[in-house]
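Because the structure is a prediction, the values reported are computed rather than measured.
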Amino acid sequence: LAARARARKDAGNRAFAEGSHHEAAVKYTEALALCEEVRTARRSAGAQDAGGELPPEHTLRCNRAAAFLKLGRYEQALADADTCAAAEPGFAKGHFRRGLALQALERYADAIGAF
């Protein structure tokens with residue numbers, strides 16, 4: 001499952017680079033679901049969830065936020081950017097994507113604080 005999650009992330013990255021933003025969002029969503037399956041299985045087995053071989057969730061959320069921004073789905077982009085920024089406060093791209101989503105939603109004062 002972890003290898004499939006990485007493959008979905010890579011497929012999402014390729015789709016995004018090719019301008020297929022809807023496909024990219026789908027692939028990132030699939031990768032997130034696979035990562036959750038792996039984490040659930042590990043918890044059930046009592047294994048520690050270091051997440052080492054899984055794509056980091058904050059990266060998947062940030063990438064999907066970028067795809068949602070390109071698709072004009074600003075509320076969804078904001079939700080992913082918020083989750084990303086909360087999970088990894090030092091990850092600048094999460095805050096940047098949050099600011100872009102807020103700007104697109106015409107929430108300019110909030111956007112200034114995000115950048």
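- Of all non-hydrogen atoms in Gly94 and Ala81, the two that sit nearest each other are O-CB, 3.8 Å.
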Worked verdict on His21 versus Phe16 for ring pair (Phe, Tyr, Trp, His ring centres under 6.0 Å): CA-CA 5 Å; His21 302 114; Phe16 189 90; 4.8 Å; yes
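- Expressed to the nearest 0.5 Å, how far CG of Leu69 lies from CD of Gln76 amounts to 10.5 Å.
- Counting heavy atoms from C-beta on, the side chains of Arg39 and Leu54 come closer than 4.5 Å.
- With respect to Arg14 and Glu23, no salt bridge is recorded, no charged nitrogen being found less than 4.0 Å from a carboxylate O.
- Among residues two or more places apart in sequence or in another chain, the side chain to side chain contact (heavy atoms under 4.5 Å, CB included) test is passed with Glu30 by Arg8, Val26, Lys27.
- Residues Tyr74 and Leu102 are not in side-chain contact: their nearest non-hydrogen atoms beyond the backbone lie 4.5 Å or more apart.
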Step-by-step salt bridge (charged side-chain N to carboxylate O under 4.0 Å, His left out) determination, Arg64 to Glu57: CA-CA 10 Å; Arg64 191 170 68 173; Glu57 182 177 347; over 6 Å; no
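- The CG atom of Asp80 sits 7.0 Å away from the CG atom of Leu32 when rounded to the nearest 0.5 Å.
- No side-chain heavy atom of Thr40 sits less than 4.5 Å from a side-chain heavy atom of Glu37.
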Full working for side-chain contact (heavy atoms from CB on, under 4.5 Å) between His22 and Arg73: CA-CA 10 Å; His22 181 266; Arg73 293 163 59 178; 4.1 Å; yes
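- Checked by atom type and distance alone, the side chain of His58 never pairs as donor or acceptor with a backbone atom of Ala85 at under 3.5 Å.
- In this structure a side-chain-to-backbone donor-acceptor pair under 3.5 Å is missing from Arg61 to Cys84.
- Less than 6.0 angstrom separates the ring centroid of Phe96 from the ring centroid of Phe115.
- Closest heavy-atom contact between Pro89 and Ala86: CD-O, 3.8 Å.
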